[in-house]
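The chains referred to below are lettered A, B, ... by the order of the sequence lines, with proteins before strands, and numbering in each begins at 1.
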Protein chains: 2
Amino acid sequence: MKQLFEYFNRFSPLSDEAKEAIEGISKLVHIQKNKDLQPIGHTCKTVYFINKGIARIYYYKDGIDITDGFATENNVIARVESLFTGKPSRKAIQILEDAEIVAIDANKLFKLYDSYPEIERLFRKIFEASHVETVNRIEGIQFHTAEERYKALLEEAPTIIQRVPLKYIASYLGITQVSLSRIRGQR
Amino acid sequence: MKQLFEYFNRFSPLSDEAKEAIEGISKLVHIQKNKDLQPIGHTCKTVYFINKGIARIYYYKDGIDITDGFATENNVIARVESLFTGKPSRKAIQILEDAEIVAIDANKLFKLYDSYPEIERLFRKIFEASHVETVNRIEGIQFHTAEERYKALLEEAPTIIQRVPLKYIASYLGITQVSLSRIRGQR
DNA sequence: CTATCCATTTATCATATGATAAATAATCAG
DNA sequence: CTGATTATTTATCATATGATAAATGGATAG
C-alpha cells in the first residue's frame with residue numbers, strides 16, 4: 001500500500017487512522033494480461049490503483065472496439081460515468097500487461113466519507129484532477145489533426161505507445177488503425 | 001437565491017446554516033449580452049449559477065474563436081481547468097443574452113468546505129456530474145460525424161440552437177461555420 | 001428608412017481520413 | 001520449430017470536411 005499512500009500524498013496527506021480505514025476496504029489483486037478487470041454492463045463499484053502494469057478502458061461502438069483511455073503505474077482508474085451515477089457502464093477495464101492492482105471498494109469508500117471528511121476531500125481532489133484532464137482532452141480531440149494528436153501522445157506518454165498495441169492507440173486517438181499506420185509511416 | 005437552492009436540492013439538501021453561509025459569499029450580478037463575465041488570462045475564482053440568460057465558455061485557437069461549452073438557466077458554469085488548478089485560464093466566459101447570475105466566491109467557498117462538510121459534499125457532487133458529462137462528450141466528439149453531432153444537439157438542447165448564433169455552435173461541434181451551414185442546408 | 005456591419009448560405013476546389021483489401025510482420029500455442 | 005493467428009503496413013478509391021471567396025440575408029445605429 002506504500003505506493004498508494006505516496007500517490008495520495010500528492011493530493012492531500014491522510015491521518016494514520018484514515019490510512020488504516022482505506023487499507024481496510026482495499027485488497028491487492030493480481031491480473032493477467034488481456035483479462036478484463038471489469039466487464040461491460042456492470043456497475044462500477046471499485047476504484048483501482050495500479051501498482052504495476054497497464055490498463056485501458058474500452059467499449060464497443062457499432063461492434064468496433066474503442067479505447068477510451070489508458071492508465072499506467074501509480075494512477076487511479078475507474079469508469080467515472082458509472083461510479084458517479086450508479087448506472088451500469090457500457091465500458092470495460094482490460095489489463096494489457098500482467099498487473100498488480102489495489103482494488104478499493106467504492107461503496108465502502110463512500111461510507112468512509114461520512115466519518116472521514118479528509119478521505120472525501122482526498123478523493124474529491126483526485127477526481128477533480130481527472131476532470132481537468134478530461135476537459136483538456138476535449139480540446140486536443142476537437143482541434144488537432146490525427147497527426148498532431150499522435151505526436152502529442154508521443155511527447156506526453158511515449159511509454160504507452162511502446163507498451164500498447166497500436167490498434168488500441170488508434171481508437172484512443174479517434175482514428176482507424178490504418179490511418180495511424182499511415183501517419184507513422186510518412187517520412 | 002431560491003433558484004440556486006432548488007438546484008442544490010437536486011444533489012444534496014443543505015442545512016439552513018449552510019445555506020446562509022453560501023448566501024454570505026454570493027452576490028447577484030446582472031450582465032449585458034456580449035459582455036465577458038470573465039476574461040481570458042485570469043484565474044477562475046468564482047463559481048457562477050445562471051438564474052436567467054445564457055453563457056458560453058470560449059477561447060482562441062490559432063486566432064480563431066472556439067466555443068468550449070454553453071450553460072443556460074439553472075446551471076452552474078465555471079472554468080474548472082483553472083478553478084481546480086489555480087492556474088490562469090486561457091478561456092473566457094461570455095454572456096449571450098442579458099443575464100442574471102449568482103456569483104459564488106470560490107476561495108471563500110473552499111474555506112467553507114472546512115467548516116461545512118455538507119457544502120464540500122454538495123459541490124463535489126455538482127462537479128462530479130459535470131465530470132460525467134465531459135467524459136460522455138468525448139465519445140460524442142470522437143465517434144460521431146459532424147452531422148450526427150448537430151442532430152444530437154438539436155435533440156438534447158434545441159433551445160441552445162435557437163438562442164445562440166450558429167457560428168458559436170459550429171465551433172462547439174468542432175466544425176467550421178460553413179460546414180454547419182452545409183449540414184443544415186442539405187435536404 | 002437607409003447604410004453599414006455582421007451572420008449565414010452557397011459554390012468551388014483541396015485534402016485528411018475512412019473503407020476495403022491484400023501483403024507483411026510479429027506473436028503464440030502446441 | 002512450425003503453423004496458425006493476430007497485428008501492422010501498404011495500396012486504392014470514396015467522401016466528409018476544410019479553406020477560401022462571394023452572395024444573400026438580417027440586425028442595428030443613426
How close or far is atom P of dC5(C) from atom CG of N34(B), stated in whole angstroms?
17 Å
For R184(A) and dA16(C), give me the distance from atom CZ to atom P, rounded to whole Å.
19 Å
Can you give me the closest heavy-atom contact between K52(B) and D98(B), atom names plus distance?
NZ-O, 3.9 Å
Using every non-hydrogen atom in the two residues, find where Q38(B) and Y48(B) come nearest and quote the distance to one decimal.
NE2-OH, 2.7 Å
Please state how far atom CG in L180(B) lies from atom C1' in dA7(C), giving the value in whole angstrom units.
12 Å
Under-4.0 Å side-chain N/O to phosphate OP1/OP2 contact, T176(B) with dT17(D)
no
Once you apply a heavy-atom cut-off of 4.0 Å, does S181(B) come out as touching a base, just sugar-phosphate, or nothing?
base
Rounded to the Å, how far apart are Y150(A) OH and dT9(D) P?
8 Å
How are the rings of F127(B) and H131(A) set relative to one another: parallel (under 30°), tilted (30 to 60°) or perpendicular (over 60°)?
tilted
Identify, residue by residue, the members of residues 163-175 of chain A with a heavy atom below 4.0 Å from DNA chain D, and return them in order of residue number, or none.
P165(A), L166(A), K167(A)
dT9(D), dT17(C), dT12(C): which one has an atom nearest the side-chain heavy atoms of V178(A)?
dT9(D)
So N75(B) and I77(B), side-chain contact (heavy atoms from CB on, under 4.5 Å) or not? Walk me through it.
CA-CA 7 Å; N75(B) 277 293; I77(B) 187 168; over 6 Å; no
Quick one: is the NZ or CZ of K19(B) closer than 6.0 Å to the six-membered ring centre of F5(B), and within 45° of its axis?
yes
Grab the CD-P distance between Q177(A) and dA21(C) for me, whole Å please.
16 Å
Check whether any side-chain heavy atom of V76(A) lies under 4.5 Å from a side-chain heavy atom of F8(A), and answer yes or no.
no
Just how far, in rounded Å, is C1' of dT6(D) from NZ of K33(A)?
12 Å
Starting at NE2 of H144(A) and ending at P of dG18(D), how long is that distance when rounded to a whole Å?
15 Å
If we only count heavy atoms from C-beta on, is the F49(B) to N74(B) side-chain gap below 4.5 Å?
yes
Could you state the CZ-C1' distance from R182(A) to dT15(C), rounded to the nearest angstrom?
11 Å
